[in-house]
Amino acid sequence: MSTIKEVQEDIINEFEVFEDWMDRYNYLIELSNDLPQIDTKFKTNEYIIKGCQSKVWLNADYDDGKVVYTADSDAIITKGIISLLIRVLSNRSPKEIKETDLHFIDAIGLRENLSPTRANGLLAMIKQMKLYAIAYDVKFGNN
Amino acid sequence: MSTIKEVQEDIINEFEVFEDWMDRYNYLIELSNDLPQIDTKFKTNEYIIKGCQSKVWLNADYDDGKVVYTADSDAIITKGIISLLIRVLSNRSPKEIKETDLHFIDAIGLRENLSPTRANGLLAMIKQMKLYAIAYDVKFGNN
Amino acid sequence: MFDIQKVREDFPVLRQIINKKPLVYLDNGATTQKPRCVTDVITDYYLRKNSSIHRGVHFLSSQATVEYEKARETVSQFINAKNKHEVIFTSGTTGSLNMLAFSFGEKYIKEGDEIILSEMEHHANIVPWQLLCERKKAKLKVLPFNDDGELLVDQLEYLITEKTKIISVIHISNVLGTINPIKKIIEIGHSHGIPVCIDTAQSIQHVPIDVQKLDCDFLAFSGHKLYGPTGIGGFYGKEKWLEEMPPYQGGGDMVDEVSFEKTTFNQLPFKFEAGTTNYIGAIAMAEGINYIQGIGLSNIADYEHELLEYGAAKLKEVGGVKIFGNAFARTPIFSFHIENVHPLDTGMIFDKMGIAVRTGTHCAQPIMQHYGVDGMVRASLSFYNTKEEIDYLCTGIEQVKRMFL
Amino acid sequence: MFDIQKVREDFPVLRQIINKKPLVYLDNGATTQKPRCVTDVITDYYLRKNSSIHRGVHFLSSQATVEYEKARETVSQFINAKNKHEVIFTSGTTGSLNMLAFSFGEKYIKEGDEIILSEMEHHANIVPWQLLCERKKAKLKVLPFNDDGELLVDQLEYLITEKTKIISVIHISNVLGTINPIKKIIEIGHSHGIPVCIDTAQSIQHVPIDVQKLDCDFLAFSGHKLYGPTGIGGFYGKEKWLEEMPPYQGGGDMVDEVSFEKTTFNQLPFKFEAGTTNYIGAIAMAEGINYIQGIGLSNIADYEHELLEYGAAKLKEVGGVKIFGNAFARTPIFSFHIENVHPLDTGMIFDKMGIAVRTGTHCAQPIMQHYGVDGMVRASLSFYNTKEEIDYLCTGIEQVKRMFL
Ligand SMILES: Cc1ncc(COP(=O)(O)O)c(C=O)c1O
Ligand SMILES: Cc1ncc(COP(=O)(O)O)c(C=O)c1O
């Protein structure tokens with residue numbers, strides 16, 4: 001399996017071919033289909049991350065030293081970005097997740113989508129993903 | 001006795017010789033001494049006209065068909081202007097007072113001192129002088 | 001008619017390039033753009049004339065006071081108030097409505113009393129009354145609207161009881177564009193001796209308003225939606241109410257005499273203007289009013305009506321668009337869904353095309369609840385918008401449909 | 001040290017000719033002038049970037065939101081707040097203090113409770129508390145000052161009782177120039193578990209302020225006295241209080257979910273920022289802060305101290321001038337009488353000489369009552385004033401004496 005760094009490089013390369021925003025968004029829409037479907041039992045208020053306008057549901061399981069994320073959103077572009085985040089962070093050790101700098105976001109021009117001023121809840125989502133990692137690290141980690 | 005119009009012209013002529021503001025103010029300071037002294041029994045709250053910063057006391061008697069004003073102020077320039085107003089309006093019939101347009105104020109450049117935004121209570125004073133005239137007109141006039 | 005191209009030149013921001021596309025600004029419900037004359041006044045004031053007002057004796061202060069009171073005169077004439085001192089400068093519609101809810105509430109609202117709002121209100125005309133109701137144990141009652149976005153005014157008679165103390169309604173809906181029959185609402189209120197407040201945040205810039213003809217008791221609006229600056233707004237109240245109501249905020253200038261034992265208040269309008277007011281904001285807002293009066297409010301209303309008819313027809317043509325609200329009388333505010341597309345997705349695609357619309361609940365969650373949706377896309381137009389921009393909006397919708405459906 | 005001539009060039013208004021005389025602006029206590037960079041920001045925003053904030057999805061809105069939050073960051077760093085969300089944008093000091101009196105009052109003040117102010121307060125820090133006391137049947141207690149204009153801080157211990165709920169004091173007197181020992185007052189308050197608010201309307205632009213070092217609970221100031229625009233100000237509150245206090249105004253953006261049955265509120269700082277805030281005002285105020293930080297607050301304090309010493313000596317020399325206040329620690333605010341001359345007469349002569357001073361009660365009638373006067377003439381200086389201007393003030397005094405005595 002590729003490292004987090006490698007996956008981020010892959011994503012950056014994939015996005016490099018797109019000259020304009022519509023292509024990038026089209027690709028995100030495509031990627032939204034790849035999102036590992038969250039079990040419907042987690043699509044409740046308890047698992048919701050509230051942006052102002054779009055809803056994001058997130059769950060994290062712990063499996064053999066790795067955190068496995070599943071998620072969903074009612075907005076498609078948001079879902080596409082989540083699918084990138086999961087591709088990078090899911091199936092990693094808590095320690096790796098905690099320490100990762102998600103530089104690919106900037107590199108592919110999605111930073112603004114993650115700013116706290118945006119309405120999609122993605123920033124809160126990243127925070128929540130890291131929180132899960134920290135929690136599992138405390139519970140199962142050996143430090 | 002000169003008419004209101006003549007007195008206003010006199011005042012305008014007197015002020016014409018002054019080239020700058022300090023001379024005009026010096027003259028007003030001089031005039032403040034000419035102000036017919038108000039009887040101390042009228043220097044009470046009842047007779048006060050409140051500007052924001054200077055106090056003006058005003059009384060009006062009715063004598064043989066004429067309104068006779070006396071006044072005072074705790075600020076000297078204000079007092080000088082009052083003395084001009086009294087020179088123009090005192091000892092006139094209520095009807096004359098009511099109808100007079102005090103154009104001399106503008107002509108000698110004192111308009112701004114009479115604006116409602118100023119702190120000296122002069123505008124309220126003119127209003128009160130006219131009110132006295134109206135009241136005496138109602139009481140003693142034959143219309 | 002006016003010359004649209006000439007008008008657009010007065011608004012430099014309209015020439016901006018956003019995401020490599022010319023800006024198509026359709027977010028006028030949130031805030032309007034400013035003509036250059038407004039910023040000229042602001043700059044001129046700050047760099048050549050600035051001084052605090054409050055009856056200062058020095059020249060600059062006196063000049064600023066005169067200009068500030070002239071601005072009050074401008075607003076007063078604009079809404080045809082009977083008395084200039086019935087116009088109070090506030091921080092905006094929200095500030096005005098909070099002032100009203102507090103001051104009116106302190107004087108007139110007791111436990112068990114009722115306040116009538118409509119289901120169509122902006123949060124600014126809901127939350128201040130809720131806060132009041134909580135403090136005073138009073139009750140809100142709500143006049144509903146039908147799916148076309150029309151208030152069911154006939155029901156007002158049934159909502160009114162002996163405990164009803166005030167009615168506060170939105171003039172033009174910031175979501176549905178509906179022009180509500182406020183004259184009728186005011187008449188019904190008055191026939192029961194109940195005062196009526198109208199929220200004109202979305203109307204004062206679009207249709208002529210005459211408070212004496214309307215006979216409304218209170219009115220609130222924002223400068224920044226009236227082609228003026230942020231941080232300034234207006235409140236109108238009939239003298240008889242303002243004289244009776246206690247002050248809202250305390251501070252400099254709204255007082256007459258102050259001691260720790262007893263403080264007395266200044267006369268109207270100053271009683272309701274505590275502290276250093278936004279005098280430059282007021283002067284610049286007046287300039288904005290002068291600007292639109294130069295164009296003519298009825299010219300504006302006519303042209304905007306043209307945009308409404310053109311836009312409504314076009315959006316129907318494009319297909320797959322659900323428009324919320326279809327009132328007989330309305331202004332060019334189009335709130336819609338592209339069917340099966342999340343409003344946020346629509347807004348994000350529009351943004352990259354240079355189209356600025358608002359998405360979300362538009363500070364009117366009860367309207368969202370009415371239609372059972374989480375949010376809407378809103379295109380809200382002003383007199384500087386064009387039919388070509390509406391065409392481009394439709395191109396945007398086609399683009400979204402291509403991408404998501 | 002900084003270059004005073006260069007600094008003056010940043011403030012175009014200082015070159016104005018008033019009544020044929022160069023303007024000598026000594027009314028900085030009322031409002032400060034604006035450097036050109038502040039108006040540049042305002043114009044740039046309105047003509048190129050204007051858009052309502054509130055997390056819009058389109059580019060301009062997003063950009064404005066970012067800039068607005070950057071302005072909050074600037075203020076937060078300027079006063080060294082622990083958390084950015086402890087900084088609330090308001091309409092000014094008066095707005096801030098009214099918000100505090102209301103929200104703190106709603107939560108913590110009950111019948112019989114006591115609030116301590118000083119005898120030196122500006123009306124903005126008196127009247128909101130009086131209005132609160134009247135509503136809640138609470139009581140004001142007053143910490144006096146001596147004839148030198150120094151608070152009798154030792155008496156604070158005697159004023160405090162178990163019913164004391166808050167202490168609110170002015171940092172620097174807008175009349176006497178006194179720099180009050182707020183650190184000591186805060187310590188005394190805290191030793192009894194009582195929170196302390198400081199009114200920094202006259203201090204934040206003159207001396208460095210660190211809310212964490214001071215450990216004050218609340219702080220209020222105005223943008224227009226901080227070289228920024230009108231209609232904007234700041235409020236700081238410790239998180240633990242702000243979390244507990246109920247909102248002040250209701251409206252858009254300060255809410256989370258709204259229905260007619262139940263409304264929940266947004267998190268800090270938004271809970272206290274209802275409606276469309278003065279976002280351009282906030283951004284321009286931050287520019288004003290950046291400007292004075294560029295010069296350096298301690299450079300400013302040093303130079304202003306020089307002006308204080310020079311001015312105090314000169315005014316003593318000129319003779320026949322009674323200065324009110326002679327505190328050990330103070331700033332260059334000179335309130336005085338020319339003996340036997342009404343302040344209004346003095347002010348009017350000064351005006352014609354181009355000297356802008358304020359006359360009257362300076363929104364601090366209790367100070368007037370203390371000294372048994374109706375009003376005072378006040379010359380209040382800023383870092384762009386010069387010793388030559390002080391000399392000219394003295395020339396003005398001589399002129400007044402010649403005319404009236
Ligand atoms: C010490 C003090 N507090 C409060 C205020 C009120 O400030 P503003 O009028 O800007 O609200 C002022 C200014 O007038 C002041 O000098
Ligand atoms: C109908 C209506 N009322 C009130 C408001 C609140 O105005 P502001 O945010 O300027 O105070 C708005 C604008 O958002 C509005 O559209």
Side-chain angles (χ1 to χ4, degrees), chain C residues 12-13 16 18-19 27 30-31 33-34 39 42-43 46-48 50-52 56-60 91-92 94 98 123-124 126-128 130-131 140 142 222 224 230-232 249-252 255 257-260 263 274-276 278-281 344 347-348 351 356 358-359 363 365-366 369, chain D residues 12-13 16 18-19 27 30-31 33-34 39 42-43 46-48 50-52 56-60 91-92 94 98 123-124 126-128 130-131 140 142 222 224 230-232 249-252 255 257-260 263 274-276 278-281 344 347-348 351 356 358-359 363 365-366 369:
Chain C
V13 77
Q16 285 300 104
I18 303 295
N19 296 316
D27 195 15
T31 201
Q33 297 301 343
K34 323 303 169 197
T39 58
I42 294 172
T43 309
Y46 280 127
L47 298 188
R48 275 175 285 277
N50 177 54
S51 170
S52 190
V57 278
H58 65 80
F59 176 83
L60 288 180
S91 58
T94 303
N98 276 278
H123 295 165
I126 299 174
V127 189
Q130 283 183 320
L131 294 174
L140 286 190
V142 182
S222 298
H224 73 97
T230 55
I232 186 77
Q249 296 196 325
V255 293
E257 287 185 21
V258 175
S259 72
F260 287 106
T263 288
T276 306
N278 189 355
Y279 55 93
I280 299 210
L344 184 61
M348 286 172 77
D351 175 43
R358 194 139 295 235
T359 59
C363 294
Q365 291 182 24
Q369 288 149 19
Chain D
V13 77
Q16 285 300 103
I18 304 294
N19 296 316
D27 196 14
T31 200
Q33 298 300 344
K34 322 302 167 198
T39 58
I42 294 172
T43 309
Y46 279 126
L47 298 187
R48 275 176 285 277
N50 177 54
S51 170
S52 191
V57 278
H58 64 80
F59 176 82
L60 288 180
S91 58
T94 303
N98 277 277
H123 295 165
I126 299 174
V127 188
Q130 284 183 322
L131 295 174
L140 286 190
V142 183
S222 299
H224 72 98
T230 55
I232 185 76
Q249 297 195 325
V255 293
E257 288 186 19
V258 175
S259 73
F260 288 107
T263 288
T276 306
N278 188 355
Y279 56 93
I280 299 211
L344 184 60
M348 286 173 76
D351 175 43
R358 195 138 294 235
T359 59
C363 295
Q365 292 182 24
Q369 289 150 18

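Chain letters run A, B, ... following the sequence lines, proteins first, then strands; residues in each count from 1. Everything numeric here is computed off the predicted structure, so don't read it as measured data. Worth knowing before you read on, the calculation uses all heavy atoms, side chains too, and leaves out hydrogens, waters and symmetry mates.
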Which residues pass the side chain to side chain contact (heavy atoms under 4.5 Å, CB included) test with C:Gln33, sequence neighbours left out?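 C:Gln33: side chain to side chain contact (heavy atoms under 4.5 Å, CB included) contacts with C:Phe11, C:Val13, C:Leu14, C:Tyr25, C:Tyr384, D:Asn50.
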Tell me, side chain or backbone of C:Gln16 under 4.5 Å from chain D's heavy atoms, or both, or neither?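 Only the side chain of C:Gln16 comes within 4.5 Å of chain D.
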Does any backbone or side-chain atom of C:Val258 lie under 4.5 Å from a heavy atom of chain D? Answer side chain, backbone, both or neither.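 Both the backbone and the side chain of C:Val258 come within 4.5 Å of chain D.
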Out of C:Thr43, C:Thr276, C:Thr230, return the one with the most heavy atom pairs under 4.5 angstrom to chain D.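 Looking at each of C:Thr43, C:Thr276, C:Thr230 in turn, C:Thr230 comes out on top.
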Relative to chain D, which of C:Cys363, C:Gly281, C:Pro12 shows the most heavy atom pairs under 4.5 Å?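 Looking at each of C:Cys363, C:Gly281, C:Pro12 in turn, C:Pro12 comes out on top.
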As an exercise: rank [options] by heavy-atom pairs under 4.5 Å with chain C and give me the winner.
{"options": "D:Lys34, D:His123, D:Glu257", "value": "D:His123"}
{"options": "D:Gly92, D:Ser259, D:Gly347", "value": "D:Ser259"}
{"options": "D:Val127, D:Leu47, D:Thr39", "value": "D:Leu47"}
{"options": "D:Ile280, D:Val142, D:Val255", "value": "D:Val142"}

Atom group of D:Gln249 that falls short of 4.5 Å from chain C, counting heavy atoms: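 Contact with chain C: backbone and side chain both.
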Measuring from atom OG of C:Ser51 to atom CZ of D:Arg358, what distance do you get when rounded to the nearest 0.5 angstrom?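 Result: 5.5 Å between the selected atoms.
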If you measure from OG on D:Ser91 to CG on C:Asn278, what distance do you get to the nearest 0.5 Å?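 Between D:Ser91 OG and C:Asn278 CG, I get 9.0 Å after rounding to 0.5 Å.
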Closest non-hydrogen atom pair between C:Thr263 and D:Gln130, with its separation: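 Closest pair (atom of C:Thr263, atom of D:Gln130, distance): OG1-OE1, 2.6 Å.
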Looking at every heavy atom in both C:Ala274 and C:Gly251, which two are closest together, and how far apart are they?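 Nearest pair, atom of C:Ala274 first, then C:Gly251: CB-N, 4.0 Å.
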I'd like to check the side-chain hydrogen bond (donor to acceptor under 3.5 Å, both in side chains) partners of C:Gln369; sequence neighbours left out, ordered by chain and number.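 C:Gln369 satisfies side-chain hydrogen bond (donor to acceptor under 3.5 Å, both in side chains) with no other residue.
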Side chain to side chain, D:Thr94 and D:Asn98, heavy atoms closer than 4.5 Å: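 Sidechains of D:Asn98 and D:Thr94: in contact.
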